[in-house]
Number of protein chains: 2
Amino acid sequence: MRSSAIIAGAFAPAVLAAIQAKNVIYIVPDGYGQASQTMARDLATLVDHAGDVTRELAADDMVRGLVRTWATNNLITDSAASGTAFACGFKSYNNAVGITPDFQPVGSILEAAKLAGMKTGLVVTSTINHATPAVYASHVKHRNSYDEIASQEIGYSHPLGPMVDILLGGGRCYFKPKSESGSCRKDDKDLFGFAKSHGFHVMQNRSAFDALEKGLGKIRLPYIGLFNDDGILDQMKYELDRVLDGDEPSLLEMVETSLNSLHRATHCKKKGYFIMIEASRIDHAGHANDPASHAHETIMYNKVMDYVRKWIDAHPDTIMMSAADHECGGLTLNGYRPLALKDVTRSREHLETVWKNRPSGADSRQFLVSEILPPFGLASATDAEINTLLQASNLGNELVSLLSKKAGVNWSTGGHTASDINLHGYAAGEMGKELSLVLSGHHDNTELPRIVEKALGVDMDAVTKLLRANGTNWVVKRDFDETHIVDEHNH
Amino acid sequence: MRSSAIIAGAFAPAVLAAIQAKNVIYIVPDGYGQASQTMARDLATLVDHAGDVTRELAADDMVRGLVRTWATNNLITDSAASGTAFACGFKSYNNAVGITPDFQPVGSILEAAKLAGMKTGLVVTSTINHATPAVYASHVKHRNSYDEIASQEIGYSHPLGPMVDILLGGGRCYFKPKSESGSCRKDDKDLFGFAKSHGFHVMQNRSAFDALEKGLGKIRLPYIGLFNDDGILDQMKYELDRVLDGDEPSLLEMVETSLNSLHRATHCKKKGYFIMIEASRIDHAGHANDPASHAHETIMYNKVMDYVRKWIDAHPDTIMMSAADHECGGLTLNGYRPLALKDVTRSREHLETVWKNRPSGADSRQFLVSEILPPFGLASATDAEINTLLQASNLGNELVSLLSKKAGVNWSTGGHTASDINLHGYAAGEMGKELSLVLSGHHDNTELPRIVEKALGVDMDAVTKLLRANGTNWVVKRDFDETHIVDEHNH
């Protein structure tokens, strides 16, 4: 649907008037393309439902339309430009976080909700300062400004103060001062300390998270929980690894806890909540061309969609919208055999670490055959395949190549692609019908937050004015060394 | 949406009751995946609209949901199994035409419309006896039974007689007896003769087609027009080649003429029409991995969608539904640069024929550089690239590989893939909203004809009973030598 149609189209005004929600749940399956869902459905059908191919996953029946995703400087977007579009309503360049191409900040739908008196949340499986959550509560020239994004997200350097009442995900090291062990900051800002002094309850491990929900309402908003101990780049673990390791909450558990907290904080009040939930690592598995993890992260996204649909049925003053930021990996199912993925219990990421840390005296071939191939579903690899793996310059690349071949799936890139992505929505009763009509058809990603803005009756442009009220030099500041930047526009 | 939801879901009964159409236009963009539309849109935007990337193509705003496509014997369907699903409402095996896996015929939505007193049409750019049109008016064990399919389509050997009032497309050679020049039949059935004796107006070239519309109503239904003279396998030409050669009507011209004919034949009557329009060669260009032809066939599909939308606005007793049968080629846009396709004026298919028929004394390199590369947008190929092309065992493969690389697109297969495909729909006014709600979400391809069946108030199961009334041995009959069959399940 064209922007003009949203604003003044044939049935748009009447329809939009009918969508008045107290709460909005926005879900981003990062890097999720159309083939991701087919792949996950066929695998889930095979593993859990004895080949009943009439079965659907939760997201299926909530598909309403499509979204185009181009950035201002590339037909293929990254998460930052796409996020700036669907969080703030403006197109920008790849790497831009919450700003226009002329480096001016633009208010996000989360900031608009917060300033309107609502509660807000960001729940992700990436680092909390990764591009997709970043665009909702920070404004920087480049997504790699991880230190500054964390500082803005917690309110330390955000010109309007703390904007987010719930922050859950990875990225703990960015919230500790450089001087503290486990920090990855380049300065001595103590963001956990700042958070505590501003009333945040701070959680740094799974037991603290579990205690939160057991306390049922005793621990109130705001809170921040950053859990991972040893994820690559401080992300949370892939679902396959998390299930076996058991030391982190799942995305679904974080969603359940967050929605219960937000509900308790708002259900007696006039103002509701806005929460962005990101199934972040569908994208990472796409970049890694790891078929089993891509499918299992997508299945977890569908579990969250199922929970949220039931939540809305029980809380009909709430609406849900969901769309990826872009496709990732160029995944196609050119000869799909889900059975080949059935026995995979570990991610490429995990097994690469296992391989890297193998005992110095270990026999490589023996270690590969006993410790790496079985959990990657390749226990029956031939001698020739094992030889190829051992001779590979990058074992991970060769592992996913072999598994993808056996599973009959193809990846055309380690980056993103230009394809449209699916748009989902859900609301209860008559409002559900109205929402379906609004989301039906084709949308530019910049149109999406405007639908939420109207449904909540908040004002993003007013936030933009506030952000610019005292100048915008704070946006231009960068906290990383440009000379060492690898262009991540395609991540 | 699950089948049960269509029949007895939350709002389905009320909604379906509201969709009562006199006429249905069903459009199949064969082999059209989500990346096909993005690719075509970005190219059309660049070429026709000076880079205005906010522009949409006609199909965009009519997207309503998604369709899953598996066949009974493969997660990747062919056109025959998928067509049997969306024409007749039953899953079957790849290669099956209008029959269930136990070789029993099932009535199609076109046959149900015809038996209810409606007018019917099949308009395609493939041969008229190709799998997609075949499933609407014939019932055979294997799609390769081209002679028998043609015989049934015209009514010669269909147990219920002629079912189709308009047949337009390629495949003329199958309607001439073996003894006649230009025939490709293996027997002496004269199907054009049969057609004439049963009241059909027969057209065999573009001028006869042009005369049809100039005659404005003087020539009445039924009619058959099979136009191509020299297409590969008797298909109609790719749009790129057709534009330059000018000897065949375009799909859009055939659609305009057909809709006008059907309207004239039914507008004063209570019973309307059902027409299936197929943009057949999106699929063929996918099999050929030919990016420019794939995009231009997709643009033609969008032109038809635009015309039909306007037609329905002027004739609001009509509804449109449109979905591909499957994705083809495993197309992804992993580094898309539409500019590389801008100067392509010919299909791979055409240029392979030019190459094959080059003068015996011609210098290969010179011929390639002057006659092949410029119309394929490769005028600036390097010496190294030209050497690679000249050394290739299959020039066509190498040409599309080079062009695809320059255009930043990737094909993972010469066959189909398992991915879901997009579902479109359009109706005017309030009925348009109801149709959007019915099509919203996710559907098995078998659900689609049931929606049409209810909207038209016709009965497919009654057709099935009639087809089986005198036994079903006629289905089992095969007219080709099984020992020479290449398994075409993935075409």
Side-chain angles (χ1 to χ4, degrees), chain A residues 1-3 5 10-11 15 33-35 37-39 41-42 53-57 59-66 68-70 75-76 327 329-338 408-413 415-423 429 432-433 436-437 439-442 444 490, chain B residues 1-3 5 10-11 15 33-35 37-39 41-42 53-57 59-66 68-70 75-76 91 327 329-338 408-413 415-423 432-433 436-437 439-442 444 490:
Chain A
M1 194 173 288
R2 290 170 198 142
S3 294
F11 52 80
V15 161
Q34 210 168 60
Q37 181 74 3
T38 311
M39 184 199 205
R41 184 192 314 121
D42 289 346
V53 282
T54 62
R55 188 169 174 274
E56 294 183 340
L57 295 183
D60 285 330
D61 201 33
M62 294 185 269
V63 172
R64 308 293 176 224
L66 297 177
R68 58 184 176 276
T69 65
W70 56 278
L75 289 176
I76 300 175
E327 197 271 350
L331 176 67
T332 51
L333 311 176
N334 54 336
Y336 190 31
R337 293 176 293 275
V409 307
N410 187 268
W411 307 90
S412 68
T413 174
H416 303 160
T417 67
S419 280
D420 296 348
I421 43 93
N422 298 342
L423 176 62
K433 296 186 192 178
S436 295
L437 292 173
L439 301 186
S440 187
H442 209 273
D444 190 84
N490 201 8
Chain B
M1 197 173 285
R2 292 172 196 141
S3 295
F11 51 82
V15 163
Q34 209 167 61
Q37 181 74 3
T38 310
M39 183 198 204
R41 183 192 314 121
D42 288 346
V53 281
T54 63
R55 187 170 173 275
E56 294 184 341
L57 295 182
D60 284 331
D61 201 33
M62 295 185 270
V63 172
R64 307 294 177 222
L66 296 177
R68 58 183 176 277
T69 66
W70 56 278
L75 289 175
I76 299 173
K91 284 287 189 199
E327 197 272 350
L331 175 66
T332 50
L333 312 176
N334 53 336
Y336 190 30
R337 293 176 292 275
V409 306
N410 186 268
W411 307 90
S412 67
T413 175
H416 302 161
T417 66
S419 279
D420 296 348
I421 43 91
N422 299 343
L423 175 62
K433 295 186 193 178
S436 295
L437 292 174
L439 302 186
S440 186
H442 208 272
D444 190 85
N490 199 10

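Residue numbers start from 1 in every chain, and the chains themselves are labelled A, B, ... in the order their sequence lines are given, proteins ahead of strands.
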- Message: Arg68(B) vs Asp60(A), test: salt bridge (charged side-chain N to carboxylate O under 4.0 Å, His left out). Steps then yes/no.
- Response: CA-CA 10 Å; Arg68(B) 58 183 176 277; Asp60(A) 285 330; 5.3 Å; no
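The residue among Ser412(B), Ala59(B), Gly330(B) with the most heavy atom pairs within less than 4.5 Å of chain A is Ser412(B). Most heavy-atom pairs under 4.5 Å with chain A, from the set Arg337(B), Arg64(B), Met39(B), Lys91(B): that is Arg64(B). Most heavy-atom pairs under 4.5 Å with chain B: of the set Asp420(A), Leu331(A), Thr69(A), this distinction falls to Asp420(A).
For a residue to count as touching a neighbouring chain, one of its non-hydrogen atoms must lie under 4.5 Å from one of that chain's; by this rule Leu423(B) does not touch chain A.
Residues Ile76(A) and Leu333(B) share a closest heavy-atom pair of CD1-O, 3.6 Å.
Glu327(B) and Thr417(B) are linked by a side-chain donor-acceptor pair at a separation below 3.5 angstrom, with hydrogens and angles left out of the test.
Checking each of Thr332(B), Thr413(B), Asn410(B) against Asn410(A) for a side-chain contact (heavy atoms from CB on, under 4.5 Å) leaves exactly one that passes, namely Asn410(B).
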